[in-house]
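Atoms within each ligand, like the ligands themselves, are counted from 1 in listed order. In this text, all values refer to a predicted model and were calculated from it rather than measured experimentally.
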Amino acid sequence: MVEESKKESSKQDEMPDWSEYRGVMIFIEQRAGEAKNVSWQLLGEGRKLADKLEVELIALVIGQSVDRLATDAIAYGADRVYLADAPELNEYRTRPYSRVALHVIREVKPEIVLFGATATGRDLAGAIATHLPTGLTADCTILDVEPHPSRLLLASRPAFSEKMLATILCKRYRPQMATARAGVFEAAPYDSARKGEVQKVSSLLSEEEIETRVLQFIEATDRFHLEEAEIIVAGGRGLGGPEPFKLLQELADALGGVVGASRAAVDAGWIGHAHQVGQTGYTVRPKLYIAIGISGAVQHLVGMQNSDCIIAINHDQDAPIFKVANYAIVGDLFQIVPALTQAVRAQRS
Ligand code: FAD
């Protein structure tokens with residue numbers, strides 16, 4: 001009996017032969033011809049995985065008038081691009097996009113396919129994984145691969161109310177699929193001299209065969225893309241209430257940025273969750289991050305420490321935020337922030 005169950009479990013551990021599945025594929029998400037930054041970030045990370053596995057990095061571009069994105073994908077690290085460019089693919093709709101993606105994935109047989117963990121990426125990845133069928137790890141923050149022969153994708157994501165990091169494997173199906181958070185990975189520098197191949201793919205469904213119509217696209221007025229912002233002015237518990245966020249908004253407006261927040265400020269109800277930076281909020285990678293009245297707890301730092309330049313304003317010179325800051329301003333935020341806003345306005349006028 002014991003022998004039999006041992007045999008059974010060793011059979012389960014046996015990996016099927018996946019030798020015809022090779023390559024790492026990244027879905028390049030775009031709207032109105034503009035790629036989401038997360039797509040370039042995933043190409044940067046995908047390049048590392050592809051190099052480790054010694055395979056091609058493949059990009060999948062779907063849309064209308066998006067051939068420029070195929071060129072950009074090569075410049076950001078892709079070796080080959082599959083490009084589906086047609087009027088019926090102008091706006092994202094699950095069925096036509098998933099039909100194209102499924103066709104390419106079934107033909108090309110990549111071993112790994114990655115999407116941004118955006119509304120579109122989550123929807124498309126879920127639809128594709130169900131049809132293939134294969135496993136899908138959502139919202140990853142760390143990606144790695146085991147080398148040959150297992151070639152397993154190690155897809156890690158926070159789990160159990162973000163208290164643990166779980167590494168999830170997809171042993172028995174191919175391709176291995178994951179969505180990954182924006183702002184976590186770094187795009188490779190744009191290299192216009194890189195060479196790659198572009199293969200055109202047809203759209204597979206005519207407009208008449210698609211049941212859904214996009215009548216109008218209305219951008220939610222309270223929705224801004226914190227993870228795409230180049231300048232973030234973030235406030236924490238040091239603000240003492242919701243009112244001082246107006247001071248931060250003024251500074252953000254003067255700089256052309258947006259307002260972020262620590263969880264303490266969000267939990268206190270001073271500002272909405274869409275503004276939260278950190279482990280249970282957004283991971284951001286702006287050019288400039290100004291942390292105001294934020295102590296620098298590790299859960300906040302993981303969400304912003306990869307910013308290009310960090311300025312911290314805090315009246316406690318020992319605040320941990322200063323350890324990751326490029327510029328430290330020690331003092332009272334209520335004096336410093338209005339003075340900064342005035343200086344920026346004067347500079348710009
Ligand atoms: P505090 O730590 O209270 O810091 C306030 C700072 O303001 C202090 O350093 C103080 O010196 C300064 N200050 C006060 N008055 C002034 C003034 N007048 N002028 C200048 N400086 C002043 N936190 C996040 O931010 N994001 C997350 O996603 C997140 N996820 C979490 C997930 C888990 C599972 C857990 C357990 C915690 C998480 N936290 C997260 C909470 C985190 O641990 C901290 O509690 C939180 O970041 C603290 O926010 P804060 O820095 O605004 O507040």
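- Numbered from 1 in the order shown, with element, the atoms of ligand 1 that lie under 4.0 Å from a heavy atom of Gly236 read 52 (O).
- Of all the listed residues (His315, Gln276, Gln299), His315 holds the heavy atom that lies closest to atom 15 (N) of ligand 1.
- Atoms of ligand 1 lying under 4.0 Å from any heavy atom of Asp332, numbered from 1 in the order shown and given with element: 17 (C), 18 (N), 19 (N).
- Distances from atom 14 (C) of ligand 1 to the heavy atoms of Gly238, Gly260, Ala264 put Gly238 nearest.
- Counting heavy-atom neighbours within 6.0 Å of Phe334 CZ, excluding the residue itself, gives a total above 12.
- For the pair Glu228 and Lys36, the salt-bridge criterion is not met [side-chain N within less than 4.0 Å of a carboxylate O].
- In summary, the atoms of ligand 1 found under 4.0 Å from a heavy atom of Gly331, numbered by their order in the structure, are 19 (N), 20 (C).
- Residue Arg263 holds the heavy atom nearest to atom 31 (C) of ligand 1 of all those in Gln279, Arg263, Arg237.
- Every atom of ligand 1 is numbered from 1 in the order shown, and the set under 4.0 Å from a heavy atom of Gly278 is 26 (N), 27 (C), 28 (O).
- For a threshold of 3.5 Å applied to N or O pairs, the pair formed by Leu333 and ligand 1 contains at least one separation below that value.
- Of all atoms in ligand 1, listed by their number and element, those nearer than 4.0 Å to a heavy atom of Thr280 are 27 (C), 28 (O), 29 (C), 30 (N), 31 (C), 32 (C).
- The pair Glu227-Arg285 does not count as a salt bridge, with every side-chain nitrogen at least 4.0 angstrom from each carboxylate oxygen.
- When the shell of 6.0 Å around CD of Gln299 is examined, it contains more than 12 heavy atoms from other residues, nucleotides or ligands.
- Put simply, the side chain of Tyr97 gets close to the backbone of Leu89: a donor and an acceptor are under 3.5 Å apart.
- Ligand 1 lies less than 4.0 angstrom from a heavy atom belonging to Gly281.
- Atoms of ligand 1 found under 4.0 Å from any heavy atom of Val277, numbered from 1 in the order shown, are 24 (C), 25 (O), 26 (N), 27 (C), 28 (O).
- With respect to Asp79 and Lys195, no salt bridge is recorded, no charged nitrogen being found less than 4.0 Å from a carboxylate O.
- Considering Asp316, Asn314, Leu239 only, the shortest heavy-atom separation from atom 10 (C) of ligand 1 involves Asn314.
- A salt bridge links Lys52 to Asp144: one of the charged nitrogens lies within less than 4.0 Å of a carboxylate oxygen.
- Note on Arg181 versus Asp139: salt bridge recorded, some NZ/NE/NH1/NH2 to OD/OE distance being below 4.0 Å.
- Summarising the local packing, NE2 of His131 is surrounded by 12 or fewer heavy atoms from other residues, nucleotides or ligands at distances under 6.0 Å.
- With atom 6 (C) of ligand 1 as the reference point, the heavy atom nearest to it among Ala268, Gly296, Gly293, Ala297 is part of Gly293.
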